[in-house]
Each structure stands twice: as C-alpha cells, then as structure tokens.
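What follows is one structure encoded as structure tokens, with my remarks underneath.
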There are 2 protein chains.
Amino acid sequence: MPTRARRADRRGEALSKETIVHAAIELLDVEGEDGLTFRTLTARLATGAGAIYWHVANKDELLVAATDVVVAAALAHEARDATPQEAIRAVAIGVFDAIDAHPWVGTQLARAPWRTAMLDIFERIGRRVQALGVPHAGQFTAASSLVSYILGVASQNAANAVTARLHLPDTPRGDFLAAMAAGWAKLDGGAYAFTRAMAGALRDHDDRTEFLAGIDLILAGIVAAR
Amino acid sequence: MPTRARRADRRGEALSKETIVHAAIELLDVEGEDGLTFRTLTARLATGAGAIYWHVANKDELLVAATDVVVAAALAHEARDATPQEAIRAVAIGVFDAIDAHPWVGTQLARAPWRTAMLDIFERIGRRVQALGVPHAGQFTAASSLVSYILGVASQNAANAVTARLHLPDTPRGDFLAAMAAGWAKLDGGAYAFTRAMAGALRDHDDRTEFLAGIDLILAGIVAAR
DNA sequence: ACCTGAACACCGTTCAAGT
DNA sequence: ACCTGAACACCGTTCAAGT
C-alpha cells in the first residue's frame with residue numbers, strides 16, 4: 001500500500017494548506033530560498049504536484065502564507081507596561097530576529113508589500129507612534145518611516161548573511177567583516193574617502209546594535225518634530 | 001550572409017559586455033523583471049547564448065552590471081554649494097527616482113548589497129554626514145541608517161508599483177490608492193484601529209513627499225544626537 | 001578570440017485520469 | 001472532494017563545433 005506508507009511520512013497528517021505551508025517553511029529554512037521547489041515539496045510530502053495545487057493557487061501564495069506565519073510568530077507576544085519607545089524597539093528587534101532566522105522572509109517582505117504580515121507590523125508600530133504623542137497629521141509618516149526602515153535594514157541584513165554564507169561558507173561573521181573591512185581600507189582615498197574611513201567601524205560593528213541605533217535615530221527625529 | 005544581416009540589427013556594434021548590459025536594461029525596463037531571459041536577450045542581440053556567456057559570467061553578473069549603470073547615472077551630477085541636508089535629500093531623491101523608473105533596480109539592491117552601486121550611495125551620503133558635524137563614532141550609524149532607509153523605501157515603492165501594475169493595469173495611481181484606502185477603512189476597528197485611522201492619509205499621500213519626510217525625520221534625529 | 005545553436009538539467013503549472 | 005504523475009512550456013547554462 002504505497003498510499004498508507006506515504007501518509008505515514010507526514011505522520012498521519014492529512015494534506016492541508018497548513019501542512020503544506022509548514023513543509024515549505026522547513027525547506028526554505030534548511031535548504032535556502034532556492035531549496036523550495038514543487039519537486040522538493042512533493043517529495044517531502046510524498047504526494048504529487050496536483051495535490052499541492054489543490055490547496056494552494058501557486059508558489060507565490062505559498063510564499064505569502066509562509067511569510068505570514070513567521071511574522072505572526074514574531075509579533076506573538078506584546079510587551080506590556082513598556083514605554084512606546086521600548087515597545088517599538090521590541091517590535092523592531094522581533095522582526096529583525098525573525099528575518100535573521102528566516103532570511104527568505106526578508107526577500108518576501110521586500111517584494112510583496114502590504115500583505116497581512118506588513119500590515120500587522122504597521123499596526124503595531126503605529127499604535128506606539130500614537131502613544132508617543134505624535135499629532136495625527138504626522139502619524140502616517142512616522143509609522144511608515146519606521147516600518148520601511150525596519151524591513152529595509154532587516155532584509156538587507158539577511159541578504160548580506162545569505163551572500164556571505166554562499167560565497168564563504170563556514171566563515172565566522174567576524175572573519176567575514178574583517179575581510180570586508182580590509183577591502184574598504186584598500187579603496188581609493190579620493191573617490192571613497194568616507195567609506196575608507198569607515199573600515200574600522202564596519203569591522204567592529206554589531207548588526208543588531210547598529211539596527212537599533214538607527215531606530216533610535218528615527219525615534220529621536222519623531223520626538224523632535226512632535 | 002546571415003551574419004552581416006544580424007550584425008546590422010544591433011547597428012554594426014560589435015558584441016561587448018556594454019552592448020549586452022544595455023540591451024538587458026532595455027528589456028528589464030520595457031518587459032519587466034521577468035522579461036529578461038537569455039532567450040529574449042539572444043533574440044534581441046541576434047546571437048546565441050554562448051556569445052553572451054563569452055562576455056558575461058552569468059545572469060547575476062548581468063543584473064549587477066545593469067544596476068551599476070543605472071545607479072551611476074542617478075548619482076552623475078553632484079549638487080554644489082548646497083547644505084549637507086539638501087545634498088542628502090538630492091541623493092535620496094535621485095535614487096528614489098531611478099528605482100521608480102527602473103523598478104528591477106530596487107529588487108537588485110535589496111538582494112545583492114555592498115556592490116559598487118550601494119557603495120557609491122554610501123560614500124555620497126557619508127560625506128554629507130561628515131559635513132553635518134556628526135562625530136566620528138556616530139558617522140557609520142548615521143550613514144548606514146540613511147542608506148538603508150533610502151534603499152528600503154525606494155525598493156518597497158517600486159515593488160508596490162509593480163504589484164499595482166500587475167494586478168490592476170491601466171489603473172491611475174490615485175484610483176489604486178483610493179481602492180487600497182477603502183480596504184483599510186473596512187478593516188476591523190479593534191485589531192487594526194491604527195491602520196484603519198490611516199486610510200485617509202494613505203489615500204491622500206504622495207510617495208515622494210512621504211519618502212522625503214522620512215529622510216527629514218532621520219536627519220532631525222542625527223542632528224539631535226550630534 | 002569570438003560566436004553558433006543544439007542539448008542538458010532543471011523549473012512552475014496543467015490536466016486527464018484515478019479514488 | 002481530493003490526489004496522482006506524466007506532460008507542457010518554459011528557464012539558465014554548457015559545450016562541441018564552427019569562423
């Protein structure tokens with residue numbers, strides 16, 4: 001009975017959109033962005049391509065659903081009795097870490113905006129912007145600037161990590177930064193005077209700290225404009 | 001003589017990396033991100049796939065080179081006798097408009113960071129951050145926050161435009177925003193109270209103005225922290 | 001040195017056929 | 001209603017063969 005044996009492979013779970021999305025997330029996490037194909041997915045779920053298409057319209061819908069699951073998990077717990085600034089930082093770090101753990105989410109958020117995932121982030125941030133006392137006319141700008149910054153930096157960070165892993169696997173982050181900083185230090189002192197001077201800062205910086213420092217910069221600007 | 005006739009198709013120009021990159025840019029602009037394939041490219045250049053691979057290592061190198069050309073053009077003219085703030089705004093708008101005109105550049109900058117294109121933007125911004133009087137220790141954070149914001153928002157904007165064009169072709173921007181705002185206005189008042197309240201702001205906002213307002217927010221934060 | 005174009009190893013998606 | 005898996009129309013890339 002091949003059918004029984006195959007069903008057993010996904011532990012008796014019936015095929016459903018949820019099962020499919022979770023298998024997709026696992027493939028994306030383990031094998032990377034290119035690791036998810038309808039062939040790897042049908043193999044893992046021990047089924048045919050048509051079965052997946054019965055539950056899901058196409059690959060894009062699958063990616064959107066997977067992104068929603070990860071972002072929802074990242075936003076799952078809300079910090080109570082925190083200042084608006086602390087709460088905004090918490091959301092930012094939550095999204096940052098989620099994208100760091102699932103780099104493909106960064107690609108996805110950069111490509112298909114204003115779906116559920118992004119809306120949830122916007123809502124979370126926006127409430128805290130209101131709590132900050134920003135007048136109504138400035139709330140849209142403040143919230144969307146923060147969201148854009150968060151998604152932009154986090155995605156770029158993830159892309160960096162993927163590129164680094166691709167070109168120099170098994171290289172510790174520190175070694176990679178040192179190598180890149182060495183490259184900056186060798187740049188032309190005329191055309192790239194600033195970048196060159198930043199080589200040291202690049203080598204010693206911490207992505208998360210830097211990310212949060214940028215959030216604080218925007219928060220300071222929001223408070224100053226208030 | 002088929003060879004002569006084919007050469008004539010690209011107006012006597014010999015095949016070179018430059019010719020190839022320019023043809024790629026044209027395809028990307030006219031046909032969109034998916035419009036560039038080695039088949040459309042060989043058809044346009046009236047040659048074989050191997051000819052292109054002789055000049056270019058792979059599709060990724062082609063995309064990177066195309067991005068560099070567009071960004072270099074966007075940064076071509078530097079504003080003289082401008083305040084640092086004005087100069088930063090000018091760079092930001094230049095990149096924004098370039099990505100708006102060539103949406104595929106946004107995707108590219110979000111995926112393959114720290115290549116020439118991004119480095120050039122970083123350098124331009126960084127010099128003005130220095131001119132702003134930011135102490136050395138804060139320059140890296142300030143410059144990379146600005147660059148991240150610029151690329152993040154501009155890319156998201158481009159992705160939005162592409163999505164809109166894809167799903168609702170021939171719909172004016174205003175109609176699209178109105179439809180989206182109507183969607184926001186219908187959101188659940190509990191879970192999405194903030195987003196719902198922003199429906200009006202979404203409908204009436206201008207992407208460029210909003211983008212610049214975010215830049216000003218960060219600039220205000222940088223000046224406040226100085 | 002540079003170009004040709006068929007061939008290879010993949011994709012996402014469809015669909016007649018099964019249960 | 002749900003699943004199977006072969007088939008279709010594509011991809012990027014390679015490579016023996018030409019000039």
Side-chain angles (χ1 to χ4, degrees), chain A residues 1-25 27-28 31-67 104 107-108 111-112 166, chain B residues 1-25 27-28 31-67 104 107-108 111-112 166:
Chain A
M1 288 155 221
T3 307
R4 277 281 276 283
R6 279 167 176 181
R7 281 261 162 79
D9 280 343
R10 58 186 118 94
R11 283 145 202 135
E13 273 185 288
L15 203 58
S16 67
K17 184 165 175 181
E18 212 194 321
T19 320
I20 294 169
V21 169
H22 276 97
I25 291 175
L27 276 169
L28 286 162
E31 310 288 340
E33 216 135 351
D34 308 324
L36 175 67
T37 70
F38 276 81
R39 282 162 234 259
T40 58
L41 197 54
T42 52
R44 158 143 328 198
L45 292 169
T47 184
I52 293 171
Y53 278 96
W54 179 260
H55 295 279
V56 153
N58 49 41
K59 194 175 180 180
D60 208 55
E61 185 184 313
L62 193 54
L63 252 3
V64 167
T67 304
W104 51 273
T107 313
Q108 204 51 28
R111 272 196 350 162
L166 203 77
Chain B
M1 294 154 218
T3 307
R4 277 280 275 284
R6 279 165 176 182
R7 281 260 162 80
D9 280 342
R10 58 186 115 94
R11 285 147 201 132
E13 274 184 288
L15 203 57
S16 67
K17 184 164 175 183
E18 213 194 321
T19 319
I20 295 168
V21 169
H22 275 97
I25 291 176
L27 276 169
L28 287 162
E31 309 288 340
E33 216 135 353
D34 308 325
L36 176 67
T37 71
F38 275 82
R39 281 162 235 260
T40 57
L41 198 53
T42 51
R44 157 142 330 198
L45 293 169
T47 183
I52 292 170
Y53 277 96
W54 179 262
H55 296 278
V56 152
N58 50 41
K59 193 176 180 178
D60 208 58
E61 187 185 312
L62 194 55
L63 252 2
V64 168
T67 304
W104 50 273
T107 314
Q108 204 50 29
R111 272 193 353 159
L166 204 77

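Just so you know, these numbers come straight off a predicted model, no measurement behind them. A, B, ... follow the sequence lines: proteins, then strands. Residue 1 opens every chain.
- Taking the nucleotide of DNA chain C with the nearest heavy atom to each of B:G50 and A:N58, the more 5' of the two is matched to B:G50.
- Nearest-nucleotide positions on DNA chain C for B:S16 and A:R39 put B:S16 closer to the 5' end.
- Rounded to an integer number of Å, the gap from A:Y53 OH to C:dA17 C1' is 19 Å.
- Residues A:E31 and A:T40 have side chains that never bring a donor and an acceptor to within less than 3.5 angstrom of each other.
- Using N1 to N3 plus N6-O4 or O6-N4 for Watson-Crick, or N1-O2 and O6-N3 for G-U wobble, each under 3.5 Å, C:dT19 pairs with D:dA1.
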Take A:H55 and A:V21 through the test side-chain contact (heavy atoms from CB on, under 4.5 Å) and record every step on the way to the result. CA-CA 10 Å; A:H55 295 279; A:V21 169; over 6 Å; no

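- Across the protein-nucleic acid pair, A:E61 atom CD and C:dG12 atom P stand 15 Å apart, rounded to whole Å.
- Atom CG of B:L41 and atom P of D:dT13 are 12 Å apart (whole Å).
- Atom pair A:K59:NZ and C:dC11:C1' shows a separation of 8 Å (rounding to whole Å applied).
- You'll find that the side chain of A:T37 is closest to C:dG12, out of C:dT13, C:dG12, D:dT13.
- One finds no side-chain N or O of B:H55 lying less than 4.0 angstrom from the OP1 or OP2 phosphate oxygen of C:dA1.
- Residues A:K17 and A:E61 meet the side-chain proximity criterion, which asks for heavy atoms closer than 4.5 Å.
- Atoms CD1 (B:I20) and C1' (C:dC3) sit 11 Å apart, rounded to a whole Å.
- Rounded to a whole Å, the CZ atom of A:F38 is 19 Å from the C1' atom of C:dA9.
- Within 4.0 Å (heavy atoms only), A:I52 reaches no atom of the nucleic acid at all.
- Regarding contacts with the backbone of C:dC3, every side-chain N or O of B:W54 stays at 4.0 angstrom or more from both OP1 and OP2.
- Across all strands shown, D:dA6 forms a Watson-Crick or G-U wobble pair with C:dT14, both key distances being under 3.5 Å.
- Residue A:L36 is in sugar-phosphate contact alone, with no base atom involved, counting any heavy-atom pair closer than 4.0 Å across all strands shown.
- When every heavy atom of B:F38 is checked against every heavy atom of B:N58, the shortest pair comes out as CZ-C, 4.3 Å.
- The side-chain heavy atoms of A:L63 and A:L36, taken from C-beta on, include a pair separated by under 4.5 Å.
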